[in-house]
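All chains are named by letter (A, B, ...) in the order of the sequence lines, taking the proteins before the strands, and each is independently numbered beginning at 1.
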Amino acid sequence: MQIVYEDKKQKFETGATPIEIAKTLGVQLSGVIAAKIDSGPIDLTRKINEDTKIEFLTFDSKEGKEVFWHSSAHLMAAAVKRVYPNAQLTLGPAISEGFYYDFYDIKLGDNDLELLEKEMKAIVEADSKFVRKEVSKDEALALFKGNKFKAEILGEAESPITIYETGDFIDICRGPHVPSTRYLKAFKLLKVAGAYWRGDSKREVLTRIYGVSFPSKALLEEYTKFEGERSKHDHKKIGKELELFETSAWSPGSPFLLPNGAIIYNELLKLAREMDKKYGYQEIITPIIAKSEVWKTSGHYEKYRENMYKVAPFSVEDEEYALKPMNCPFSTVVFNAKTRSYRDLPLRLADYGFLHRYELEGALDGLFRTRMLEQNDAHIYITEDQVENEIIRMFEIMKEVYAIFKLTPLMTLATRPEQRIGSDDAWSRAENALRNALEKSGYKYTIKEGDGAFYGPKIDIYVLDFTGKPESAYAASTIQVDFNLATRFDVKYTGSDNREHTPIVLHQSVMGSLGRFMGIILSNSGGDLPVWLSPVQARIVTITERNNDYGKKLLSKFIERGLRVELDESNATLDYKIREGQLKKIPYIIVLGDKEEAANTIAVRSKDGKTKYGVELNEFSKDLQEKIKTRTL
RNA sequence: GCCUCUGUAGCUCAGUGGUAGAGCACUUCACUUGUAAUGAAGGGGUUGUGGGUUCAAUCCCCACCAGAGGCUCCA
């Protein structure tokens, strides 16, 4: 057998294990969790019987982590079995950050986790080996007699079945695993949650325990520290601290924007409207409630009814009305308000209507997932051959907006799903248009096969969150092609051939839900907003009461200039006032004392703690206005 | 909707089967301060809501409401 390891080529006896091979090659095994050969990762103790390349996996690699966490899931399951012998094992995979295991027939709460951790520690100290065995399907079934979940899994598997023994614990498992429990030095069980067997809400509810583990205590501490950092980016916490929004049981899922929050929200709206103007979108205003008939025509009533709020009967006519969950159909009324020609296209209609969607209570999340939302929504009526260029244009808008917020976009192209309307030809042309637009604009993108809407392909744009990890990116913008809407609402234009044609509709939303977008900005910035978005752009602080009149005089000057400035003339100490301003993340604190008053200047402290003395008010306010105008820090 | 946890003053949180406490915030007074917390006094709570158990419930039990996390990661 020939093994290739980096540039060393050596022959080994068939049946050598990675541990033996490592010794011969002189590979240091400390930190090595598993090996990887051509056919995939394997146990360090498993014999290799094929010609192959070999790689040694440590925790640093994605595959190494997977092995490590999967072994940790076994460790946890072993502990659960000891403490709760009746618990039935189901599945326990590694996930992107840690692992979980689902159990059937146990009840436990967060308080029980400590007990399990102790048990796990005992197993780790016992240094139990992970022993791999192959058995027949029948033998495996016998091992898990009475466990319908394992029986279901085995039903789909082929003999021989691999099992792993760790002390007295046995689980069906493809592996590989770390050689022994001693490797699993540092771990933490995080939470207990409910999950459905195979993610299906009609099936059994299982108890899922989440955990993370690391090869050293230091790494676990680092993880814990990062989790602390995470809470600084919790938009709900920031919203509370900066007095931006409140939630109320009066209307769950519909946050109330407080004055400070409303300022930020309106600044975002202002930006959206500026972009509309710049890029030739016309704003329309359409009803919030309408007869359900509308949604029967659009098809939403059939597909989306569970998420719709009905208002029925609304009037004496006993006709059912509904709150709109989407703006789309209403733009057709605007299009049809007069006879349209191809010269009117592309017709770009922006709609900021308030939408209501019934979201599951458990899915609600601050500004991120709400039941009332407002999108910077647009519907573009267009001919098929205009699609590509129009989308390139949309990317221009998006680039401009993202640059302001320093957001990094990730593009995904979603193609035709199983259930769809429109001809395959039309789909191909539309998908190509989207692909070309992406490529001509120089974007890298991933393709999600079959993930398009039933009415057309789409591009979803995600933006990175504060961690910068693609897997936790936010869905921010969307661009969708729609073959359905115009047909359903009988929308037509006259072509250059003097005949009637049905336009294609593009759905576009650059910022998505504005509330949600605000949440993203809050989280990513940790509450440190640029001047143009800050509810209070500067706060005047007087040192003594003697300076209050000077403070009032300057305040009115700032307000005349349209700046959001406030005055703190309380009789607290300067230190206290500075601290207050700093905690509220106000970009500038203007300090006024006797010296400033005598010289008719101001002292400006910026958020980074640096202070400039003897500044002229005009100079400062001009600088501020410039920053606001250009939307820079 | 389902699972786990949580709900005590505006906020952050203690606490107890015998109707409640701290810090911050707020009000008042004193201090008049030069770049991240001056001191003192005071006001503020049907312990989420509704039932039940009990001589007695904020605490125990049930239901409801709201909040947090989870319900895609496949032997």
Side-chain angles (χ1 to χ4, degrees), chain A residues 66 69-70 73-74 89-103 106-113 137 140 144 147 149-158 161-164 171-175 190-210 231 234 236-237 240-241 243 246-253 306 358-366 471 541-548 569-584 589-596 603-607 609-613:
Chain A
E66 242 175 71
W69 283 332
H70 193 187
H74 274 235
L89 302 173
T90 68
L91 290 178
I95 52 177
S96 57
E97 187 95 331
F99 58 89
Y100 68 76
Y101 206 111
D102 286 343
F103 303 94
I106 49 167
K107 272 253 178 302
L108 48 95
D110 290 349
N111 295 335
D112 304 308
L113 295 181
K137 201 186 252 195
F144 288 95
N147 184 328
F149 305 98
K150 290 294 185 191
E152 190 176 323
I153 293 163
L154 286 167
E156 298 157 11
E158 304 269 322
I161 304 293
T162 328
I163 60 167
Y164 275 83
D171 201 1
I172 311 165
C173 180
R174 191 181 285 145
L190 299 172
K191 61 210 160 199
V192 179
Y196 300 105
W197 173 238
R198 306 238 142 148
D200 183 345
S201 62
K202 290 188 186 68
R203 306 203 57 182
E204 291 82 356
V205 174
L206 308 173
T207 302
R208 174 170 299 180
I209 308 176
Y210 284 91
S231 77
D234 178 345
K236 283 169 276 189
K237 218 174 204 173
K240 193 98 209 153
E241 280 162 11
E243 295 174 40
E246 272 290 320
T247 50
S248 160
W250 285 357
S251 187
E306 284 177 9
Y358 176 74
E359 301 287 353
L360 292 179
E361 190 191 324
L364 298 175
D365 183 15
E471 57 267 28
V541 162
T542 53
I543 297 181
T544 77
E545 284 175 359
R546 285 192 301 281
N547 313 116
N548 283 353
E569 52 181 352
S570 65
N571 62 353
T573 60
L574 178 62
D575 277 2
Y576 182 83
K577 293 187 194 182
I578 298 269
R579 183 180 144 86
E580 284 298 290
Q582 199 83 18
L583 287 175
K584 293 290 179 200
I589 297 170
I590 297 166
V591 179
L592 302 182
D594 293 340
K595 287 178 198 164
E596 283 72 28
V604 180
R605 181 193 159 107
S606 48
K607 225 175 344 189
K610 290 185 183 137
T611 309
K612 277 195 213 164
Y613 295 91

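- With hydrogens and angles left out, the side-chain atoms of Tyr101(A) and Asp171(A) include a donor and acceptor closer than 3.5 Å.
- Using a 4.0 Å heavy-atom cutoff across all strands shown, Ala603(A) reaches at least one base atom of the nucleic acid.
- Checking rG34(B) for Watson-Crick or G-U wobble geometry (two distances, each under 3.5 Å) identifies no partner in any strand.
- With hydrogens and angles ignored, the 3.5 Å screen pairs no side-chain donor or acceptor of Thr542(A) with any backbone N or O of Asn548(A).
- At the heavy-atom level, Glu596(A) lies under 4.0 Å from base atoms of the strands shown.
- If you take atom C1' in rG42(B) and the same atom in rU46(B), they sit 23 Å apart, rounded to whole Å.
- Atoms CD (Glu241(A)) and C1' (rG10(B)) sit 15 Å apart, rounded to a whole Å.
- Between Tyr100(A) and rG70(B) there is no side-chain polar atom (N or O) within less than 4.0 angstrom of OP1 or OP2.
- Closest approach to the Asp575(A) side chain among rC74(B), rG1(B), rA37(B) is made by rA37(B) (side chain taken as heavy atoms from C-beta onward).
- Here rU35(B) is the nucleotide among rU33(B), rU35(B), rA36(B) with the atom lying nearest to any side-chain atom of Thr611(A).
- As judged by a 4.0 angstrom heavy-atom cut-off over every strand, Leu206(A) is placed among residues making no nucleic acid contact.
- One P atom belongs to rA57(B), the other to rU38(B), and the distance between them is 45 Å to the nearest Å.
- Note on Arg198(A) versus Glu156(A): salt bridge recorded, some NZ/NE/NH1/NH2 to OD/OE distance being below 4.0 Å.
- Remark: rA20(B) base-pairs with no nucleotide in the shown strands. Criterion, Watson-Crick or G-U wobble with two distances under 3.5 Å.
- For the atom pair CZ of Phe103(A) and CG of Leu206(A), the computed distance is 10.5 Å after rounding to the nearest 0.5 Å.
- Nucleic acid contact for Lys595(A): base, since at least one base atom lies under 4.0 Å from a heavy atom of the residue.
- In this model, the phosphate group of rC71(B) is approached by a side-chain N or O of Tyr210(A) to a distance below 4.0 Å at OP1 or OP2.
- With a 3.5 Å ceiling on both atom-pair distances, rA56(B) lacks any Watson-Crick or G-U wobble partner.
- In this structure, CH2 of Trp197(A) is placed 10 Å from P of rC73(B), rounded to the nearest angstrom.
- Of the nucleotides present, rG48(B) is the one that pairs with rC64(B) by Watson-Crick or G-U wobble criteria, both distances under 3.5 Å.
- Distances from the side chain of Lys191(A) to the nucleotides rG34(B), rC3(B), rG69(B) place rG69(B) closest.
- In this entry rC2(B) has rG70(B) as its Watson-Crick or G-U wobble partner, both defining distances falling under 3.5 Å.
- Residues Trp197(A) and Glu152(A) bring a donor and an acceptor atom of their side chains to less than 3.5 Å of each other.
- Straight-line distance between the P atoms of rG45(B) and rU6(B): roughly 27 Å, to the nearest whole Å.
- Counting non-hydrogen atoms under 4.0 angstrom, Tyr576(A) reaches the backbone sugars and phosphates but no base.
- Taking the P atoms as reference points, rC71(B) lies 24 Å from rC13(B), given to the whole Å.
- Figure legend. rA40(B) is base-paired to rU28(B); pairs are counted as Watson-Crick or G-U wobble with both atom distances under 3.5 Å.
- Rounded to an integer number of Å, the gap from Leu592(A) CG to rU33(B) P is 16 Å.
- Judged by distance alone, the side chains of Asn547(A) and Thr544(A) do bring a donor and an acceptor atom under 3.5 Å apart.
- Checked by distance alone, Tyr196(A) brings a side-chain donor or acceptor within 3.5 Å of a matching partner on the base of rG1(B).
- Separation of the C1' atoms belonging to rG10(B) and rU27(B) is 14 Å when rounded to the nearest angstrom.
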Checklist entry - Run the side chain to side chain contact (heavy atoms under 4.5 Å, CB included) check on Leu89(A) and Lys150(A) step by step: do they pass? => result CA-CA 7 Å; Leu89(A) 302 173; Lys150(A) 290 294 185 191; 3.8 Å; yes
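- Residue Arg546(A) has a polar side-chain atom (N or O) positioned under 4.0 Å from OP1 or OP2 of rU33(B).
- Two residues, Leu574(A) and Gly194(A), neighbour RNA chain B, and the one matched to the more 5' nucleotide by heavy-atom proximity is Gly194(A).
- For the C1' atom pair drawn from rA14(B) and rG21(B), the interatomic distance equals 7 Å after rounding to whole Å.
- A gap of 15 Å separates the C1' atoms of rG43(B) and rC29(B), to the nearest Å.
- Ranking rG67(B), rU35(B), rA36(B) by closeness to the Val591(A) side chain, first place goes to rU35(B).
- Across all strands shown, Tyr613(A) has heavy atoms under 4.0 Å from base atoms, whether or not it also approaches the sugar-phosphate.
- Only the P atoms considered, rU16(B) is 41 Å distant from rC73(B), to the nearest whole Å.
- Summarising the geometry, the separation between CZ on Arg579(A) and P on rA37(B) is reported as 7 Å, rounded to the nearest angstrom.
- For the pair Arg605(A) and rA36(B), the criterion of a side-chain N or O lying under 4.0 Å from OP1 or OP2 is met.
- Between the P atom of rU33(B) and the CG atom of Asp594(A) lies a distance of 8 Å, rounded to the nearest Å.
- Atom CZ in Arg208(A) sits about 11 Å away from atom P in rC74(B), given to the nearest Å.
- In this structure, of rC73(B), rA36(B), rU33(B), it is rC73(B) that holds the atom nearest to the side chain of Ser96(A).
- Distance, Leu360(A) CG to rG69(B) C1': 16 Å, rounded to whole Å.
- At the phosphate of rG69(B), OP1 or OP2 sits under 4.0 Å from a side-chain N or O atom of Lys236(A).
- Side-chain nitrogen and oxygen atoms of Thr207(A) include none within less than 4.0 Å of the OP1 or OP2 phosphate oxygen of rC3(B).
- Note on Ile161(A): a base of the nucleic acid sits closer than 4.0 angstrom, heavy atoms only.
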Item to check | Worked verdict on Glu545(A) versus Glu569(A) for side chain to side chain contact (heavy atoms under 4.5 Å, CB included) | outcome: CA-CA 7 Å; Glu545(A) 284 175 359; Glu569(A) 52 181 352; over 6 Å; no
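- Within the 4.0 angstrom heavy-atom criterion, no nucleotide atom of any strand lies near Asp171(A).
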Next on the checklist: Between Ile95(A) and Tyr210(A), is the side chain to side chain contact (heavy atoms under 4.5 Å, CB included) condition met? List the steps.
Outcome noted: CA-CA 10 Å; Ile95(A) 52 177; Tyr210(A) 284 91; 3.8 Å; yes
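- When heavy atoms are screened at a 4.0 angstrom cut-off, Asn571(A) is found touching base atoms of the nucleic acid.
- Closest to the side chain of Glu545(A), out of rU32(B), rU4(B), rU35(B), is rU32(B).
- For Ala193(A), the listed nucleotide lying nearest its side chain is rG70(B); candidates were rC74(B), rG70(B), rA37(B).
- Out of rG67(B), rC74(B), rG34(B), the shortest distance to the side chain of Glu361(A) is found at rG67(B).
- In this structure, CD1 of Ile589(A) is placed 16 Å from P of rG34(B), rounded to the nearest angstrom.
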